[in-house]
Structure formats: C-alpha cells, structure tokens
Amino acid sequence: MLGVNILLFIGILMVLVLVHEAGHMVVAKWCGMRVERFSIFFGKPIASFTRGETEYAIGWIPAGGYVKITGMTAAEEIPPEVADRAYCNAPVWRRIATIVAGPAVNIVLAILMFAAIFWIGVPTAQLSNRVGSVTPDSAALAAGLQPGDTLLAVNGVAAGEDPEAVRTELRSGEPGDVVTLSIRRDGRTLEAPATLDVLRDPQGQVQTDPETGDPIPGLGFTFAVIDGPTVRYGPIEGLEEGWAWSWFVIQANVEVIGDLFTSQEAREQINSVVGVGAVFNEVSDDGWVILMRFIAVVSLALGVFNLLPVLPLDGGHIVFALVEKLKGSPLSATAYERSAMVGFVLIMLVFVFALQNDIGRIMGEGFQIEQQP
C-alpha cells in the first residue's frame with residue numbers, strides 16, 4: 001500500500017507542476033511569445049514530439065518541469081527572425097502576465113477544489129458523550145471509567161448530546177476535588193466518584209490555561225467523535241467558502257515564509273517534499289474530503305512559494321521585469337546570474353530546514369497534544 005501511495009503522491013505533484021507550467025505556456029503563446037519547449041521533468045528528453053514550433057518532451061530527471069520561452073535568459077542568443085517574439089523584448093505587462101499565470105493556475109485550482117468540497121457536501125464530525133479513550137495512570141482510569149461508557153452527567157450537570165457542559169464542569173474544579181460521574185454501561189446506570197487531577201500532554205508535561213497559566217484540572221479521557229450531518233453549499237456560497245479557505249492557507253504560508261530567518265518556530269513548521277509525502281501517506285485513506293483538501297493546500301503552497309521575489313522563482317522574474325521597466329533598459333546578464341545564485345542559496349537553506357524537520361518527525365521527535373476533559 002505504501003508503494004501505491006508513493007506513486008499516487010508523485011502523480012499528484014506532477015499534475016500540479018504540469019498545470020503550473022501549462023499556465024506559463026498558454027499565456028506566453030497568447031501574448032505572442034515563441035515557446036520552444038514544454039517539458040515534464042528535467043534533463044535530456046527521453047520522449048518528445050513537436051507540434052507547431054513547440055517541442056513537447058519528457059525529461060529523464062523526475063523532478064518538476066519547465067517551459068522554455070525564447071529570450072528568457074539575458075545571455076541567450078536570439079535568432080533575428082524571432083527577436084520580436086522573444087520574452088525579453090515583450091512589453092512588461094505581457095512578461096508579468098506570462099510569469100504570474102503559473103502560480104495563478106495553482107491558486108485558482110485550489111479555490112475550485114475547496115469550492116467543490118462545499119458544493120458536493122462536507123461531512124461534519126461532532127463530539128459525543130461516549131468515552132473514546134482513557135489515559136493510562138489517569139484519574140479517569142482510577143475511577144473505573146472505560147472506553148465505550150456513556151457519560152450522562154458530572155455532579156448532576158447533564159452531558160446531553162454536547163459534552164461541552166461536562167467539560168466546563170470538570171474544569172471549574174480544582175485538582176483534588178471529588179466529582180460524581182453518572183455513567184451508562186451495558187444498559188445499566190452507574191455512579192462513581194472521581195478525584196480531579198491535572199491534565200498532562202503525551203510527554204508528561206502539565207497542561208496549563210493559556211490565559212491564566214494555571215494547571216488545567218480534569219480526569220484524563222477523551223470523548224468519542226461521531227459523524228455529523230453533511231452540509232452542502234450553493235454555487236456562490238461554495239466559491240466564497242473555497243476562497244475563504246484558500247486565503248487562510250495563503251496567509252499561513254506567507255507568515256511562515258516571512259518568519260523563516262527570524263523564528264525557530266517558523267523553521268520547525270516547514271516541510272520538504274519528504275514530509276509532504278509522509279502526510280499524504282497518512283491522509284490518503286481518510287476519505288476524499290481530506291485528500292482533496294491536502295491536494296488544494298499543496299497546490300496553494302506551490303503557487304505562493306513560486307511568487308517569492310527571488311530568481312529563479314517566478315516572483316524573481318516579476319521583480320526583474322518591473323525593475324527594467326523603471327530603469328528603462330535591460331539588466332545585465334551578470335545581474336541575472338548573481339541574483340539567481342543568491343536565490344538558489346536561499347532556496348537551498350529553506351530545503352535544508354524542511355528536510356531537517358522531516359527527519360526529526362520521522363525519528364519520532366514530533367507529537368500532538370490531545371485535548372482531554
């Protein structure tokens with residue numbers, strides 16, 4: 001199954017890269033530029049065909065893809081007969097439109113995927129008053145609480161269909177207080193005393209209230225999650241929700257990227273393709289909604305990352321086009337080369353941070369804190 005997931009993940013990445021590069025190519029052709037090659041993967045083509053003036057190829061290095069437009073590099077020799085169709089000789093707005101098209105396709109695709117989820121219907125989940133799990137060596141275990149029990153009330157406060165009232169009652173006490181649990185088990189109603197303790201995370205650290213800093217009292221169990229109703233949205237509402245989700249993810253990506261070189265926490269949040277692949281392997285069997293969200297988030301990340309204002313990324317080409325417009329003349333090949341080298345170093349630093357995080361997670365250094373009542 002792992003092998004199938006890896007192949008599926010690679011296929012999804014290639015589709016996202018393919019639509020990104022297709023965006024560049026289509027707009028470049030629309031702007032009258034000469035597109036020499038559209039390649040899936042890098043390196044010497046192992047298969048290709050030519051249609052019109054464009055060669056469509058598959059490279060031998062399975063990583064990404066590219067579109068070769070005449071005049072993209074400053075040092076390139078341009079045949080006189082196609083000079084008027086070269087990228088470097090095109091008006092600035094056409095150059096920017098060609099470059100923006102790639103990330104724009106990824107962003108639009110993500111919005112539509114999020115919207116499609118809302119159009120088709122979003123399965124919801126909600127907490128029940130049934131006990132899902134009991135933490136070892138906890139106050140809940142000492143009180144005899146078992147997975148599958150239905151918690152009817154705490155100190156007479158009924159759980160009902162929403163256990164939030166019970167959670168509030170437990171957290172209103174102090175460690176050491178004794179509470180009375182009303183439980184239904186195997187058709188029988190039982191009452192059992194339980195002594196509140198402080199809640200701890202999986203590493204044994206005491207959980208504290210983020211506002212007061214006080215230890216959080218509780219028993220150490222989780223409520224089971226059950227399926228809720230499926231919510232469907234209309235065409236406009238679905239697009240609005242799709243955009244809202246996309247904007248939230250875009251903001252999160254921009255904040256993390258902006259803090260990479262100043263915040264250790266931000267550096268610990270980024271993933272390389274290894275980490276993204278590991279996440280895909282975890283969510284690939286969790287249903288189509290989770291899978292579609294994952295693909296949309298990756299598509300957004302690809303679009304946002306490529307808009308970073310450094311060469312050789314798309315954002316760098318946009319910046320150089322604007323600078324040349326303000327300057328009134330082309331920048332030198334040396335300026336392009338030096339900027340591309342600096343950009344490459346920065347990208348490699350981000351990759352090193354991400355790969356280091358992925359190795360740490362694979363080795364089991366990461367964990368999630370589970371909220372317990």
Side-chain angles (χ1 to χ4, degrees), residues 1-79 81-83 85-88 90 95 97-110 112-113 272-274 276-278 280-281 284 291-292 294-296 298-303 305-306 311-314 316-317 336 340 343-344 347-348 351 355:
M1 190 63 183
L2 177 61
V4 174
N5 286 342
I6 291 175
L7 290 176
L8 181 58
F9 172 65
I10 293 174
I12 290 171
L13 282 183
M14 291 316 306
V15 168
L16 295 179
V17 171
L18 183 66
V19 298
H20 177 100
E21 299 301 336
H24 289 313
M25 180 185 70
V26 170
V27 175
K29 286 178 174 286
W30 178 77
C31 288
M33 298 179 190
R34 179 173 179 257
V35 179
E36 300 179 27
R37 177 181 292 170
F38 177 88
S39 179
I40 302 174
F41 301 152
F42 292 98
K44 186 177 180 180
I46 57 176
S48 66
F49 68 92
T50 301
R51 178 168 296 176
E53 61 184 4
T54 305
E55 178 189 21
Y56 299 85
I58 300 177
W60 68 274
I61 302 176
Y66 68 94
V67 174
K68 188 179 189 316
I69 304 172
T70 299
M72 277 291 292
T73 58
E76 183 178 342
E77 292 185 8
I78 304 173
E81 64 272 16
V82 297
R85 301 178 57 212
Y87 171 87
C88 59
R95 293 160 62 183
T98 298
I99 298 302
V100 167
V105 170
N106 286 124
I107 293 172
V108 171
L109 175 63
L112 291 177
M113 290 192 71
S272 72
V273 67
V274 176
V276 176
F280 176 81
N281 187 56
S284 58
L291 186 58
M292 287 182 69
F294 173 84
I295 296 171
V298 174
S299 187
L300 280 176
L302 182 62
F305 185 76
N306 270 280
L311 288 176
L313 299 178
D314 295 334
H317 286 286
Y336 272 88
F344 179 76
I347 293 170
M348 288 306 299
F351 177 77
L355 189 60

Colleague: Let's go through Y66 and F42 carefully: what are the C-alpha distance in whole Å and the side-chain angles of both, what is the deciding distance for side-chain contact (heavy atoms from CB on, under 4.5 Å) to 0.1 Å, and is it a yes or a no?
Modeller: CA-CA 7 Å; Y66 68 94; F42 292 98; 3.5 Å; yes
Colleague: To the nearest 0.5 angstrom, please state how far the OG1 atom of T70 sits from the CD atom of E77.
Modeller: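 So the gap between those two atoms works out to 13.0 Å.
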Colleague: Would you say V100 and D314 make side-chain contact, with heavy atoms under 4.5 Å?
Modeller: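 SC-SC contact between V100 and D314 ruled out.
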Colleague: Please work out whether the ring planes of F38 and Y56 are parallel, tilted or perpendicular, with thresholds of 30° and 60°.
Modeller: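 Aromatic pair F38/Y56 classed tilted.
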Colleague: Between V19 and N106, what is the shortest heavy-atom contact and its length?
Modeller: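 Answer, listing the atom of V19 first, then N106: CG2-ND2, 3.9 Å.
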Colleague: For a 4.5 angstrom cut-off between non-hydrogen side-chain atoms, does T98 reach M33?
Modeller: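 Yes, close enough: below the 4.5 Å cut-off.
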Colleague: Between H24 (side chain only) and V67 (backbone N and O only), is there a donor and an acceptor less than 3.5 Å apart?
Modeller: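 Between the backbone of V67 and the side chain of H24 there is no qualifying donor-acceptor contact (under 3.5 Å).
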Colleague: Shortest non-hydrogen contact from P312 to A340?
Modeller: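 For P312 and A340, the tightest heavy-atom pair comes out as CD-O, 4.2 Å.
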Colleague: Considering non-hydrogen atoms only, spot the tightest contact between A28 and I69 and give its length.
Modeller: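 Of all heavy-atom pairs spanning A28 and I69, the closest is CB-CD1, 3.7 Å.
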Colleague: If you compare all heavy atoms of A101 against all heavy atoms of V27, which two are closest, and at what distance to 0.1 Å?
Modeller: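 Where A101 meets V27 most closely, the heavy atoms are CB-CG2, 3.4 Å.
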Colleague: Any side-chain heavy atom of C31 sitting closer than 4.5 Å to one from R85?
Modeller: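 No. Closest side-chain heavy atoms not under 4.5 Å.
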Colleague: Do the side chains of M72 and I99 get nearer than 4.5 Å, heavy atoms only?
Modeller: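 They are in contact (side-chain heavy atoms under 4.5 Å apart), so the answer is yes.
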Colleague: Side chains of I40 and L18: closer than 4.5 Å at any heavy-atom pair?
Modeller: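 I40 reaches L18 side chain to side chain.
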Colleague: So, for A296 and M113, which heavy atoms are closest and what is the spacing to 0.1 Å?
Modeller: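 Closest approach of A296 to M113, heavy atoms only: CB-CB, 4.1 Å.
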Colleague: When you measure from the side chain of S39 to the backbone N and O of I58, does any donor-acceptor pair fall under 3.5 Å?
Modeller: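 Absent.
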Colleague: Does the side chain of W30 reach to within under 4.5 Å of the side chain of M25, using non-hydrogen atoms?
Modeller: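 Result no, sub-4.5 Å side-chain heavy-atom pair not found.
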Colleague: Contact between L16 and L109 at the side-chain level, heavy atoms closer than 4.5 Å - yes or no?
Modeller: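 Side chain of L16 against side chain of L109, heavy atoms only: contact under 4.5 Å found.
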Colleague: Step by step, would you call Y336 with L311 a side-chain contact (heavy atoms from CB on, under 4.5 Å)?
Modeller: CA-CA 8 Å; Y336 272 88; L311 288 176; 3.9 Å; yes
Colleague: Enumerate the residue pairs fulfilling salt bridge (charged side-chain N to carboxylate O under 4.0 Å, His left out) with a member in residues 35-52, sequence neighbours excluded, ordered by first and then second residue.
Modeller: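 Output for this query lists R34-E36, E36-K68, R37-E55.
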Colleague: Do C88 and I78 have side-chain heavy atoms sitting under 4.5 Å apart?
Modeller: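 Touching, per the 4.5 Å side-chain cut-off.
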Colleague: Step by step, work out the side-chain contact (heavy atoms from CB on, under 4.5 Å) result for I46 and W60.
Modeller: CA-CA 6 Å; I46 57 176; W60 68 274; 3.6 Å; yes
